[in-house]
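For the numbers below, each heavy atom of this structure counts, side chains included, while hydrogens, waters and symmetry mates do not. Residue indices begin at 1 and follow the sequence shown.
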Amino acid sequence: MATFSMRDLDEALQGCGQKSGIEIWRIENFKPVAVPNESHGKFFSGDSYLVLKTTASKSGSLHHDIHYWLGKDSSQDEHGSVAVMTVELDSALGGVASGFNHVKPEEHQTRLYICKGKHVVPFVRSTLNHDDVFILDTESKIFQFSGSNSSIQERAKALEVVQYIKDTYHDGKCEIAAVDDGRMMADAEAGEFWELFGGVAPLPKKSAVSDDQTAESDGIKLFSVEKGQTEAVESETLEKELLDTNKCYILDCGLEVFVWKGRNTSIDQRKNACEAAEEFFRSSERPKSNLISVMEGFETVMFRSKFDSWPATSTVAEPRQGRGKVAALLQKQGVNVEGLVKTSSPSSKDEPKPYIDGTGNLQVWRINNEEKILLEGAEQSKFYSGDCYILQYSYPGDDREEYLVGTWLGKQSVEEDRASAISMASKMVESMKFMPAQARIYEGKEPIQFFVIMQSFITFKGGLSDAFKKYIAENEVPDNTYDAEGVALFRVQGSGPEDMQAIQIDAVSTGLNSSHCYILHGDSTVFTWCGNLTTSDDQELMERMLDLIKPDEHTKAQKEGIESEQFWELLGGKSEYPSQKIKKDGESDPHLFSCTFSNGKTICQHMFPLCFLDPRIYLNCYLHFLMGFVLVDVAILPETLKVTEIFNFTQDDLMTEDIFILDCHTEVYVWVGQQVDPKKKPQVLDIGEKFIKHDFLLENLASETPIYIVTEGNEPPFFTRFFTWDSTKSAMHGDSFQRKLAVLTNKKQLLNKPKRRVPVYSGRSSVPDKPQPRSRSVTSTTDRSRVRGRSPAFNALAANFGNVSTRNLSTPPPMVGPMVRKLYPKSHAPDLTKLAPKSAAIAARTAIFEKPKPTPQETPTSPGSSEATNGAETAEDESMSNIKEEEAEEESNLPTFPYERLTTESEDPVPDIDLTRREAYLTSADFKEKFEMTKSEFYKLPKWKQNKLKTAVQLF
């Protein structure tokens with residue numbers, strides 16, 4: 001099979017695709033000519049373009065999307081040339097990045113844009129209409145004209161294009177004016193705008209700009225391509241099995257036409273398929289259809305969604321670099337390559353980060369019919385699979401107290417209890433003015449935040465609620481509720497002392513696993529069992545959980561392979577069991593979708609084409625294939641759910657009038673804007689559940705996937721980590737358009753500083769349900785019948801905190817002192833004895849929904865409180881500014897080390913550094929070489945993207 005290498009390509013294409021970003025070439029005399037970055041926003045209808053988008057996966061490998069765009073006035077010869085170049089580039093990607101020629105910017109020309117994602121429109125009054133948003137770019141001022149029928153979201157998104165035009169073509173130095181439809185000559189800016197059109201006149205009811213005829217879909221059709229000829233594939237249903245890896249196919253979907261290329265096809269076959277697709281376009285007279293090329297194994301969600309069924313996506317092997325390539329070749333020849341390539345041990349893999357403080361205040365209630373029963377401290381982390389629970393948690397955030405209200409639904413719980421738990425939790429959130437984030441959590445799908453909050457979590461079989469007892473009695477189901485004196489088997493898992501779980505499973509030998517530790521009790525005997533693949537850390541967790549399940553009991557330790565007969569008897573006999581560690585799905589890259597309620601139906605918020613996703617691409621004349629939208633329309637009972645994916649999203653995409661969904665595969669977040677209809681807020685959980693049910697990304701989302709509901713202005717850290725977050729934006733007055741216009745025009749009077757949520761401390765006696773202080777340890781007698789083993793690391797830590805013999809063995813106290821100062825050299829460890837207890841804050845919050853609200857007369861306000869608050873905020877701003885300066889200074893004062901000693905796989909690692917910020921110890925030159933950006937640019941990225949880039953270069 002013929003292949004292309006990078007050296008076989010045109011010189012202008014050699015070395016492309018080696019870093020994340022977009023590269024564009026214009027076809028001139030059948031040759032590609034690189035388009036400089038500053039001109040990426042300008043496409044000409046008489047030319048054809050080749051576009052390469054390179055993205056880095058979570059593992060650090062590069063993936064490429066290659067597209068070509070054909071101007072409606074470009075020649076057929078150019079069409080053929082760019083199609084062939086696309087196939088050749090697809091086969092030859094690799095090498096080192098190269099530069100391109102610089103083109104001087106042309107002189108400014110007055111242009112009128114219509115924000116439909118298409119092109120420049122005639123600069124005449126008749127072009128304007130009541131339905132669309134227009135941008136008039138003059139030499140000294142940019143006007144945005146908003147039709148009376150245009151939405152707030154369209155107007156706000158158009159301002160991003162205005163910002164881009166200002167920065168790109170005016171060097172950021174020009175005035176901005178917003179003109180509303182209906183504002184006539186009495187308004188100064190409106191008068192100036194209409195004068196440019198020769199005066200005011202009535203606008204047409206319909207757009208004067210007629211789009212080219214759009215291809216209508218009369219059903220999806222599949223064609224195979226053989227020697228440049230297309231042949232229809234006859235089938236009643238569209239299945240993946242119809243695609244042969246040795247062939248190329250054309251999938252005609254009306255608005256989109258896909259060319260699918262099998263892995264075993266040759267370069268000539270792929271060229272013929274693209275040429276056949278071009279001929280297909282010409283013969284069917286569909287100039288506006290978009291041609292999308294996909295490779296077997298890398299099919300897009302849009303392509304897969306066209307099929308009636310598509311099997312679970314198989315894992316595609318990531319390309320290996322350096323020694324990995326050599327090892328792969330030698331292994332193919334039968335050579336033993338053990339030791340040639342380093343492999344990461346399971347213990348070296350990164351655990352998911354919680355992004356939540358685990359030292360806050362926790363309250364837990366168990367649901368029994370229509371009431372909730374408060375659990376005391378020792379019982380807060382012991383749940384039954386047949387019950388449902390509500391938890392309320394408060395914890396310190398960056399500049400405020402954060403709150404979380406969650407429901408935990410056991411696998412064996414009944415629908416009656418589930419509905420009660422969700423209803424009560426929603427009322428609690430509503431009573432607190434939607435400040436807390438709300439979580440819906442199912443047993444077995446708990447997120448890392450839940451385990452960090454619970455710390456030592458135990459799940460028992462059975463249940464205690466009346467509804468559960470009634471259900472098993474009516475259905476004659478055996479009651480398997482945990483009996484402390486009976487036979488029970490627990491699997492122990494977790495990542496550390498503050499994130500450990502014991503799950504009761506069926507007491508049979510098939511439940512064992514060589515990669516886990518277990519606790520078994522029965523017949524007045526307690527066994528511990530450690531699989532051969534467990535680590536000392538796993539065994540340490542088992543010892544800690546034993547303190548909670550069977551404290552002060554004599555235990556018999558069992559090692560895999562040398563178990564006693566009594567052990568097997570309790571499990572009903574010995575049988576085969578697995579050895580592979582039970583792992584949860586990993587978090588994937590986040591996907592943002594927009595959706596909202598309207599007239600009792602769930603509809604698409606906005607089908608923003610490319611221009612409304614990235615202002616630079618707006619001027620690229622409707623390039624769907626780069627960053628367009630994914631629109632899914634699914635019938636749900638009497639309602640219809642339509643969602644629009646927003647690519648390359650930022651915080652500014654979250655509009656205050658709407659509801660958005662952030663899908664991370666392991667969790668789904670539903671974000672609710674401040675100006676969403678209050679009647680719709682209680683319904684947002686349904687939106688999240690319907691989103692999961694229909695699995696819009698075709699990623700096999702489980703129906704039990706955790707759902708978080710967060711409201712604008714109260715976003716928790718584990719949500720904001722996906723963005724470069726500015727908390728002041730949610731505190732601005734006005735709708736989305738007014739907010740963005742205020743920022744763009746520097747009208748600071750529209751800004752309002754965020755209010756800090758300062759905990760209110762009050763006496764506990766006034767609160768019926770007192771918050772329980774966090775129990776971070778379990779009382780243990782000193783005359784134990786056995787001596788617990790501790791790891792050397794634990795002994796070393798314990799030595800820093802006092803007498804080891806008097807310490808409890810379940811969890812270590814919070815780390816302060818030497819370790820804190822090591823991670824943050826210039827900071828000082830806080831004096832915990834001087835910190836105000838946060839339990840009083842949660843007590844006050846609980847009082848809101850546990851007792852009647854006080855009247856306004858009961859809460860007098862000091863006349864000087866406003867001034868004091870403003871003074872405090874000013875002082876805080878200055879303090880934060882000083883902190884940032886200190887951090888920057890500290891960064892520059894850090895010692896530097898060679899890259900090879902800082903990697904996670906280093907054979908000679910640098911001691912005594914902050915392992916979460918290895919990149920900070922690189923020299924500026926090494927940092928620029930590895931990340932292809934400066935440190936300041938890097939730290940402006942969202943945290944998840946920083947971690948992704950660090951993982952790619954083995955620094956995380």
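- In terms of the side chain to side chain donor-acceptor pair (under 3.5 Å) criterion, residue partners of S426 (sequence neighbours excluded) are, by chain and number, Q438.
- For residues 162-176, the pairs satisfying salt bridge (Lys or Arg N to Asp or Glu O under 4.0 Å) are K141-E175, with sequence neighbours left out.
- Checked against side chain to side chain donor-acceptor pair (under 3.5 Å), E689 has the following partners two or more places apart in sequence or in another chain: R440.
- Residues that satisfy the salt bridge (charged side-chain N to carboxylate O under 4.0 Å, His left out) test with K306, not counting sequence neighbours, are E256.
- A donor and an acceptor atom, one from each side chain of Q651 and T724, are nowhere located under 3.5 Å apart.
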Report the C-alpha distance between D735 and Q675 in whole Å, list the side-chain angles of each, state the deciding distance to 0.1 Å, and finish with yes or no for side chain to side chain donor-acceptor pair (under 3.5 Å).
CA-CA 8 Å; D735 56 36; Q675 298 189 25; over 6 Å; no
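- Taking the side chain to side chain contact (heavy atoms under 4.5 Å, CB included) definition, one finds that T54 meets it with E23, L52, L62, H64, sequence neighbours left out.
- With sequence neighbours left out, H591 forms a ring pair (Phe, Tyr, Trp, His ring centres under 6.0 Å) with no residue at all.
- For F718, the ring pair (Phe, Tyr, Trp, His ring centres under 6.0 Å) partners at least two apart in sequence or on another chain are Y708.
- The salt bridge (charged side-chain N to carboxylate O under 4.0 Å, His left out) test applied to E667 returns no partner, not counting sequence neighbours.
- The shortest distance between side-chain heavy atoms of L654 and F723 falls below 4.5 Å.
- In this structure, the ring pair (Phe, Tyr, Trp, His ring centres under 6.0 Å) partners of F938, at least two apart in sequence or on a different chain, are F927, F931.
- With sequence neighbours left out, F143 forms a ring pair (Phe, Tyr, Trp, His ring centres under 6.0 Å) with F193.
- A donor and an acceptor atom, one from each side chain of D137 and H170, are located under 3.5 Å apart.
- The side chain to side chain contact (heavy atoms under 4.5 Å, CB included) check on D677 picks up K679, K680, with sequence neighbours excluded.
- For the side-chain hydrogen bond (donor to acceptor under 3.5 Å, both in side chains) with D652, the lone residue among Q163, K729, K740 that qualifies is K729.
- Under the rule for a side chain to side chain donor-acceptor pair (under 3.5 Å), the partners of Q674 that lie at least two apart in sequence or sit in another chain are R739.
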